Structure formats: C-alpha cells, structure tokens
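Everything on this sheet refers to the single structure shown next.
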Amino acid sequence: MRRFNEAVRQTYARTPTELRRQRRRSLADPSGTTIDLKLFYREPYDWPVMLKSLGTLATPLVEAFDGQTYRRAILIDGASGIIAVQPLPNQPAVRLSVPYNLARHLLPITERVKQLFDLKADPVAVADVLCHDPELAPLVKAAPGRRIPGCWDGFEVVVRALLDSEDPAQFPTLLHAFVTSAGEPLAESTDPTSSHLFPTPERLTNAESGAAGLSATLP
C-alpha cells in the first residue's frame, strides 16, 4: 500500500485521497473547470526547442501553442475535452490541466503527455552515451537537455505521414482540410485553435475525404 501511495504521488503530485476528493467534486459539479497535476521530469530540459517543435508540428484545429501553453483536443473512451500543458518556472515539472469530465482517464492522459513531451527520458544517461561519439559530443554539449517530440496517437502519425508524402508543399493545407472534413467538432470548445477532434478510423469510414482532395491518399 505504501508503494502504491508513493507511485500515485510521483505520477500525479497528489495523494490517492486528494484525487478521490477531486473526483467527487467533478461528479458533484460537472461544470467545474479542470484538475491540475504536476508531472515531473529529469533536468536539463531544452524547453524552447521542444515547444517550438510542437508549435510548428501542431495539427490545425486540434492542437495549438500560444508561446506559453500547449493545448490539445482529445478523445478518450468516448469522453472529450481540451487538455493544457505548461512548463512551470524554476521547477522540473509541467502543469497538466485536465477537464473534470476526463477525471477517470487521468492515467492514460498523463502517460500520453509524458510520451508527447519525452518526460521519462534521462538526459544525463543519454548524454553520457552520445558523448562517446566524437561527432555527436560537441552537439550534445552545445544543446543540453534536448528531447525528441513524441506523438499523441500512432494512427495520427500515420495519417500525417500519408498527407505529407502526398504533397509536402501543401501538407498544412491538406491537414487542415482533412480535419475540417473528417474531424468531429468539439461542442464544449471555446478555443478556435482546438475546436476539433482528430479524425478516428471509425469516422473515416464514412467521411467525405474526397471533398478535401484526399481520396488518393486515404482510399
């Protein structure tokens, strides 16, 4: 039981009792705002590069970065909402904000956020290995804490790769048209930059992808 409690504290920066209280509040007041969690990582971490990369790669209408906070519309087991991730100043942690209606899905959400931001990486161990290479060593020392941006969903990565291979020059336009055509609008969203869910395989079955010029890519 002690190990379980400690694992919960390390994952959510909350005790099991505090999480249960938040869950009860979310059930009593479904119109509430968010549950805020701390997710820790090992320093160093090159946040400017990571956030710039995620902002550049952001899927239109699904995810966005405003210079400080990363936001994304998500769907978990039929429940949808917008999560937000923001690095905490002077702390080796990020703040993850999850809508109350997604409270029961905290574990898969936190795991996906850790994957997206590469929070589980050990930058010291990685640097120790890469610095044995004479060509990589100066690059690693010049950019300590560099991480590899992850992904939220494997299917999404495949679709993006197909669209990019179809016409790299028109990739942003194709991606926007694809989400508009096949993505599900998020009714509870008040943020125009995160107003749609990324199309699921099920929705693509009947989606009018041809209207967006995608029939050759996604038959």
Side-chain angles (χ1 to χ4, degrees), residues 26 30-31 33-35 50-86 94 96-119 148-219:
S26 69
S31 64
T33 54
T34 62
I35 296 174
M50 171 60 81
L51 294 174
K52 181 179 179 181
S53 298
L54 290 176
T56 301
L57 297 171
T59 300
L61 306 180
V62 176
E63 53 185 345
F65 175 62
D66 62 6
Q68 295 183 329
T69 304
Y70 168 87
R71 291 182 175 82
R72 181 189 174 89
I74 67 169
L75 176 69
I76 300 280
D77 289 339
S80 59
I82 297 176
I83 63 168
V85 181
Q86 184 179 42
V94 299
L96 168 62
S97 298
V98 180
Y100 274 142
N101 68 302
L102 294 176
R104 68 174 60 189
H105 305 294
L106 287 179
L107 182 57
I109 291 173
T110 54
E111 288 303 308
R112 291 198 189 193
V113 169
K114 289 177 182 179
Q115 173 181 278
L116 182 63
F117 287 88
D118 203 13
L119 297 180
I148 299 176
C151 67
W152 180 261
D153 178 78
F155 175 73
E156 184 174 329
V157 173
V158 172
V159 171
R160 289 175 59 101
L162 288 172
L163 292 174
D164 191 33
S165 65
E166 178 76 4
D167 187 347
Q170 293 297 317
F171 173 65
T173 301
L174 286 174
L175 187 57
H176 187 282
F178 175 70
V179 172
T180 303
S181 173
E184 180 180 356
L186 198 61
E188 59 268 35
S189 175
T190 58
D191 184 351
T193 64
S194 303
S195 59
H196 286 63
L197 296 169
F198 193 86
T200 62
E202 294 76 15
R203 283 187 64 86
L204 287 182
T205 302
N206 298 314
E208 296 180 0
S209 57
L214 306 177
S215 56
T217 304
L218 298 171

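A quick note: this is a predicted structure, and the numbers were derived from the prediction, not measured.
From Phe171, atom CZ reaches atom CZ of Phe178 across 10.5 Å, with rounding to the nearest 0.5 Å. Residue Leu174 holds its CG atom at 11.5 Å from CG of Leu162, rounded to the nearest 0.5 Å. Going from atom CG of Leu116 over to atom CD1 of Ile83 covers 7.5 Å, rounded to the nearest 0.5 Å. Distance check: Gln86 CD to Leu51 CG gives 9.5 Å after rounding to the nearest 0.5 Å. To the nearest 0.5 Å, atoms CD (Glu111) and CG (Leu119) are separated by 10.0 Å. Interatomic distance, CG of Leu75 versus CG of Leu102, reported as 9.0 Å (0.5 Å rounding).
The heavy-atom pair separating Pro149 from Leu54 by the smallest distance is CB-CD2, 4.1 Å. When all heavy atoms are compared, the tightest approach of Phe155 to Thr200 is CE2-C, 4.1 Å. Heavy atoms only, all atoms of each residue included: Pro172 and Ala169 are closest at CD-O, 4.3 Å. Nearest approach of Leu197 to Ile74, heavy atoms of both residues: CD2-O, 3.2 Å. Between Arg71 and Ala84, the shortest heavy-atom contact is CG-CB, 4.0 Å. Taking every heavy atom of both residues into account, Asn101 and Ala79 meet most closely at O-CB, 4.3 Å.
Residues Ile109 and Leu96 are in side-chain contact: their nearest non-hydrogen atoms beyond the backbone lie under 4.5 Å apart.
With 3.5 Å as the limit, one finds a donor-acceptor pair spanning the side chains of Arg160 and Thr59.
Between Arg72 and Glu156 there is a salt bridge, since at least one side-chain N of the basic residue sits less than 4.0 Å from a carboxylate O of the acidic one.
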Using side-chain contact (heavy atoms from CB on, under 4.5 Å), reason through Tyr70 and Val94 one step at a time and then give a plain yes or no. CA-CA 11 Å; Tyr70 168 87; Val94 299; over 6 Å; no
Assess whether side-chain contact (heavy atoms from CB on, under 4.5 Å) is satisfied between Phe198 and Val159, documenting all intermediate values. CA-CA 10 Å; Phe198 193 86; Val159 171; 3.9 Å; yes
Take Phe117 and Val85, measure what side-chain contact (heavy atoms from CB on, under 4.5 Å) needs, and give me the verdict at the end. CA-CA 10 Å; Phe117 287 88; Val85 181; 3.7 Å; yes
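The main-chain N or O of Leu106 is found under 3.5 Å from a side-chain atom of Thr110 such that the two form a donor-acceptor pair. Looking only at distances, a side-chain donor or acceptor of Arg203 sits under 3.5 Å from a matching main-chain atom of Ala182.
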